[in-house]
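Step one of this worksheet: look at the structure below.
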Amino acid sequence: MQSIYAMHQSGHDSLEKQEKFLLSSLENVYELYLVILSSLIELRKKELDFLELSKNKHLATAQDKNPNLKFVDNAVLVLLSEDNKLEQLLEDRKISNWQRNDDTILLLLQDIKQSDIYLNYMNSGKKSFEEDRDFLVELFSEVIAPNDKLYDYLEDYKLTWVDDIPLVNTEIAKQLKQLEEDKFFRISKLYKDTEDKEFAVAIFRKTVLNEATLEKEFIDKTPNWEVERIAELDTIILKMAICEFLKFPSIPVKVTINEYLEIAKEYSTPKSSIFINGILDHLVKEYQNNNKLQKVGRGLL
């Protein structure tokens with residue numbers, strides 16, 4: 001949707017160029033995933049550095065010489081830090097944000113150490129994989145993910161990440177929750193399979209190449225609205241949804257409607273989802289009566 005909107009706004013009609021922009025945007029989501037994941041590794045590294053400096057300072061206290069190592073020994077943080085596959089991914093994609101901007105990590109570490117979640121964990125007197133995992137899940141969800149300093153850095157570094165941060169944080173939190181002792185951390189892939197990637201290009205291409213035809217499908221269903229008065233995002237959402245109805249036989253109608261209503265709620269006007277739902281519901285009934293919906297498989301209507 002954003003790629004089609006950007007194409008409209010720029011006035012460029014190069015499909016190939018916009019497809020590259022679309023795929024680049026998707027790659028950026030994966031880069032964000034790796035950047036946030038790597039922040040957990042860097043937090044542990046910075047705390048190790050701090051403990052080492054404290055131990056070797058001239059007037060080191062007994063606590064400096066014998067610190068509480070529970071955070072740096074956290075089983076999940078150690079697992080991530082020693083994950084060769086993750087390390088290789090970060091190296092291959094040249095992700096070194098925190099080495100070049102360690103002030104963000106230091107500020108984040110400061111906020112972590114002031115949190116009740118951290119203090120309760122450090123003083124619990126317990127030691128188990130489950131406690132380590134549950135602590136990190138809570139810390140990530142309640143302190144790291146919503147941290148303003150981290151958010152500001154990510155927004156400044158790449159503006160397009162703003163929309164993707166909640167998605168990526170949700171994925172990482174889910175992965176941390178699913179971790180089991182003596183198991184590897186399952187690094188997410190950007191695409192489920194080649195068909196997943198092909199779908200992104202296909203829905204973009206088929207919508208753009210058929211915009212005039214797709215618009216005709218709903219324009220006479222809005223008697224109180226001239227096309228110029230319909231929000232541009234709403235017209236794009238309607239075109240994409242209708243494109244899925246008519247040109248993607250394996251996607252259930254209900255799934256299409258639900259997905260585009262969520263997009264409308266997130267990005268368009270307050271009343272857009274109601275307006276779009278009414279149009280799509282009307283069209284589905286019309287298509288069903290005219291046998292225009294060629295859906296394949298069980299439960300696709």
Side-chain angles (χ1 to χ4, degrees), residues 23-53 67 69-113 118 121 127-141 143-145 147 149-151 153-154 156-158 160-161 164-165 167-194 196-197:
L23 293 174
S24 174
S25 298
L26 292 171
E27 284 292 331
N28 285 340
V29 178
Y30 196 61
E31 182 185 350
L32 172 64
Y33 166 76
L34 292 174
V35 166
I36 295 179
L37 204 54
S38 69
S39 72
L40 300 177
I41 298 171
E42 286 302 316
L43 285 166
R44 178 175 179 268
K45 282 183 181 178
K46 283 291 178 283
E47 181 62 4
L48 280 169
D49 291 344
F50 170 76
L51 293 176
E52 188 63 25
L53 287 171
L69 300 175
K70 194 169 184 180
F71 180 74
V72 294
D73 287 343
N74 179 282
V76 178
L77 289 177
V78 172
L79 185 71
L80 290 171
S81 300
E82 296 178 350
D83 191 314
N84 293 329
K85 185 178 178 182
L86 177 56
E87 182 181 6
Q88 192 61 53
L89 263 174
L90 296 174
E91 185 178 326
D92 291 346
R93 289 177 174 260
K94 297 180 173 58
I95 293 174
S96 56
N97 296 62
W98 308 124
Q99 290 89 325
R100 292 180 281 110
N101 296 277
D102 64 348
D103 55 326
T104 301
I105 292 296
L106 291 171
L107 290 169
L108 181 56
L109 185 58
Q110 188 178 64
D111 288 346
I112 287 171
K113 293 168 80 170
Y118 174 87
Y121 170 72
K127 180 61 182 175
S128 70
F129 177 85
E130 288 74 19
E131 187 200 20
D132 285 356
R133 179 195 60 208
D134 294 346
F135 157 72
L136 197 59
V137 168
E138 186 178 12
L139 186 74
F140 183 80
S141 301
V143 180
I144 298 174
N147 188 271
K149 300 175 185 75
L150 179 61
Y151 182 91
Y153 167 77
L154 295 172
D156 289 343
Y157 185 77
K158 196 165 288 187
T160 56
W161 277 352
D164 305 319
I165 292 172
L167 171 71
V168 170
N169 283 338
T170 300
E171 175 66 11
I172 292 175
K174 182 180 75 173
Q175 289 181 288
L176 292 173
K177 285 180 186 176
Q178 293 173 344
L179 263 179
E180 297 178 16
E181 192 169 7
D182 300 323
K183 300 286 186 180
F184 291 108
F185 183 83
R186 183 187 61 81
I187 302 170
S188 292
K189 297 178 180 179
L190 177 57
Y191 302 105
K192 182 176 62 176
D193 48 37
T194 54
D196 203 21
K197 181 177 181 179

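When a residue number appears, it is its place in the shown sequence, counting from 1.
Put simply, CD1 on Ile187 and CD on Gln88 are 10.5 Å apart, with the number rounded to the nearest 0.5 Å. Here the straight-line distance linking atom CG of Leu109 with atom OG of Ser39 works out to 11.0 Å at 0.5 Å rounding. Here Ser141 contributes atom OG and Leu176 contributes atom CG; the two are 8.0 Å apart, rounded to the nearest 0.5 Å. Here Asp134 contributes atom CG and Ser128 contributes atom OG; the two are 7.5 Å apart, rounded to the nearest 0.5 Å. The structure places CZ of Arg133 at 13.0 Å from CD of Glu138, a figure rounded to the nearest 0.5 Å. Note: Glu131 CD to Tyr121 OH = 6.0 Å, rounded to the nearest 0.5 Å.
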Side chains of residues 26-35: which donor-acceptor partners sit under 3.5 Å, not counting sequence neighbours?
unit_1 : atom_1 : unit_2 : atom_2 : d
Glu27  : OE1    : Arg93  : NH1    : 3.2
Glu27  : OE1    : Arg93  : NH2    : 3.3
Asn28  : OD1    : Lys158 : NZ     : 3.4
Asn28  : ND2    : Ser24  : O      : 3.4
Tyr30  : OH     : Ser188 : O      : 2.7
Glu31  : OE1    : Lys158 : NZ     : 3.0
Tyr33  : OH     : Gln175 : OE1    : 2.9
Tyr33  : OH     : Gln175 : NE2    : 3.2
Tyr33  : OH     : Ser188 : N      : 3.0

Let me check something: any side-chain donor-acceptor pairs from residues 77-87 under 3.5 Å, sequence neighbours excluded? List them with distances.
unit_1 : atom_1 : unit_2 : atom_2 : d
Ser81  : OG     : Leu77  : O      : 2.8
Asp83  : OD1    : Lys85  : N      : 3.0
Asp83  : OD1    : Leu86  : N      : 2.9

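Evaluation of the side chain to side chain donor-acceptor pair (under 3.5 Å) rule for Trp161 yields no partner, not counting sequence neighbours. Not counting sequence neighbours, the partners of Arg100 by the side chain to side chain donor-acceptor pair (under 3.5 Å) test are Ser96. By the side chain to side chain donor-acceptor pair (under 3.5 Å) test, Asn97 is found to be paired with Tyr153, residues two or more places apart in sequence or in another chain being considered.
Other residues, nucleotides and ligands contribute only 12 or fewer heavy atoms inside 6.0 Å of the CZ atom of Phe184. Around the NZ atom of Lys183, the shell of radius 6.0 Å holds no more than 12 heavy atoms that belong to other residues, nucleotides or ligands.
Between Leu150 and Leu154 the shortest side-chain heavy-atom distance falls below 4.5 Å. Under the 4.5 Å side-chain criterion, counting only non-hydrogen atoms from C-beta, Leu108 is not in contact with Lys149. Contact annotation: the side chain of Asp102 never approaches that of Glu42 to less than 4.5 Å [non-hydrogen atoms, C-beta and beyond]. You'll find the side chain of Asn147 stays beyond 4.5 Å of the side chain of Ile144, heavy atoms only. Residues Leu37 and Phe185 have side chains in contact (heavy-atom distance under 4.5 Å, counting atoms from C-beta outward).
Between the side chain of Asn74 and the backbone N or O of Asp132, at least one donor-acceptor pair lies under 3.5 Å.
Among residue pairs with one or both ends in residues 76-97, none qualify as ring-ring contact (aromatic ring centres under 6.0 Å, His included); sequence neighbours excluded.
Judged by the 6.0 Å distance and 45° axis criteria, Lys113 is positioned over the aromatic ring of Phe50.
By the 4.0 Å N-to-carboxylate-O rule, Arg44 lies too far from Glu47 to be salt-bridged with it.
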